[in-house]
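Below is one structure, written out as structure tokens; comments come after it.
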Amino acid sequence: NCVEVKAGAWSCYNKGDISRFFSVPAFDFVTVDAPILQAWLKEGQGIWGFRGEMGPAGWHRRHVLLMKPYYLMIYDDLECAHPTTYHLNVMADGRRQTKNLMHYDGRHDVDLEFMALDLGDREIRHTEFDVTLSNSAFVPPPKFYQQLQLHIDGAPNQHYATVLVPHDRD
């Protein structure tokens, strides 16, 4: 999953560094600090390998708590003057939504529960995504690359708090 920063015509990205890590038998905790950078790209230029002019667009701090073995809590702390969107891609064949709780019928006999803890008046949007590889000798089974996507739009400086719980199919 990721948080996308929408800064008008500029492309924004962040690359984080682990600033805190703590591990014990019951849980793992990590914090990643990542400045959000704006890249002023020329027409047709992509961000991958970009070495041009950049400027600050904000700060993104992600806290991740894994309560072993199943509960993954993610808190995205954003200091950013631009709107953002939280994205989650799930390899699943179906979903059910009850307010801020999503159930995904995952593949390989693993389902996923997703909860947006601080949804407030924000809406959850759904799309589907299918990665199609070209020039590949591998011929996958149907829907191999298809993913269900979840999106939550946020205002400037708005945070995201989520819980993900994978589990065996009921």
Partners meeting side-chain hydrogen bond (donor to acceptor under 3.5 Å, both in side chains) with [X] (sequence neighbours left out):
X: Gln147; answer: Asn89
X: His87; answer: Glu4, His151
X: Arg125; answer: Asp153

Output the distance between atom [atom1] ([X]) and atom [atom2] ([Y]), rounded to the nearest 0.5 Å.
X: Leu88; Y: Leu164; atom1: CG; atom2: CG; result: 6.0 Å
X: Leu72; Y: Met67; atom1: CG; atom2: CE; result: 11.5 Å
X: His82; Y: Asn157; atom1: NE2; atom2: CG; result: 10.0 Å
X: Leu78; Y: Tyr160; atom1: CG; atom2: OH; result: 7.0 Å

Is the OH atom of Tyr70 crowded by more than 12 outside heavy atoms at less than 6.0 Å?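 Incorrect, the count does not exceed 12.
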
Closest approach of [X] and [Y], non-hydrogen atoms and distance?
X: Cys80; Y: Val5; result: SG-CG1, 3.8 Å
X: Ile124; Y: Asn100; result: CD1-CA, 4.3 Å
X: Thr162; Y: Ala116; result: CG2-CA, 4.3 Å
X: Gly16; Y: Val32; result: CA-CG1, 3.7 Å

Would you please name every residue forming a salt bridge (charged side-chain N to carboxylate O under 4.0 Å, His left out) with [X], sequence neighbours left out?
X: Arg96; answer: Asp105
X: Arg95; answer: none
X: Asp109; answer: Arg169

Spell out, yes or no, whether [X] and [Y] are grouped together once hydrophobic residues are joined by side-chain heavy atoms under 4.5 Å, including indirect joins.
X: Val90; Y: Leu66; value: yes
X: Val24; Y: Met73; value: yes
X: Met115; Y: Val165; value: yes

Do [X] and [Y] have side chains that approach each other closer than 4.5 Å (heavy atoms only, starting at C-beta)?
X: Tyr86; Y: Arg122; result: no
X: Phe114; Y: Leu101; result: no
X: Ile152; Y: Leu119; result: yes

Listed by chain and number, what are the side-chain contact (heavy atoms from CB on, under 4.5 Å) partners of Gln146, not counting sequence neighbours?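 Checked Gln146 against side-chain contact (heavy atoms from CB on, under 4.5 Å); matches are Arg107, Glu128, Asp130, Lys143.
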
Is there any salt bridge (Lys or Arg N to Asp or Glu O under 4.0 Å) pair reaching into residues 60-77, and which pairs are they, with sequence neighbours excluded?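 Counting only pairs at least two positions apart or across chains, the salt bridge (Lys or Arg N to Asp or Glu O under 4.0 Å) contacts touching residues 60-77 are Asp28-Lys68, Asp33-Arg61, Arg62-Asp76.
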
Sequence neighbours excluded, every pair satisfying salt bridge (Lys or Arg N to Asp or Glu O under 4.0 Å) that has a member inside residues 78-91: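 Sorted result for residues 78-91: empty, none.
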
For side chain to side chain contact (heavy atoms under 4.5 Å, CB included), just list the numbers for Asp168 and Asp111, CA-CA rounded to whole Å, side-chain angles, deciding distance to a tenth of an Å, and then say yes or no. CA-CA 6 Å; Asp168 293 335; Asp111 287 354; over 6 Å; no

Check the pair His108, Met91 against side chain to side chain contact (heavy atoms under 4.5 Å, CB included), reporting the backbone distance first and the verdict last. CA-CA 10 Å; His108 312 292; Met91 293 186 81; 5.7 Å; no

Please enumerate all residues that pass ring-ring contact (aromatic ring centres under 6.0 Å, His included) together with [X], with sequence neighbours excluded.
X: Tyr104; answer: none
X: His159; answer: Tyr75
X: Phe27; answer: Phe22

For His167 and Glu113, run side chain to side chain contact (heavy atoms under 4.5 Å, CB included): C-alpha distance rounded to whole Å, both residues' side-chain angles, the deciding distance at 0.1 Å, then the answer. CA-CA 8 Å; His167 58 86; Glu113 305 300 325; 2.8 Å; yes

Taking it one step at a time, do Thr31 and Val64 satisfy side chain to side chain contact (heavy atoms under 4.5 Å, CB included)? CA-CA 6 Å; Thr31 297; Val64 179; over 6 Å; no

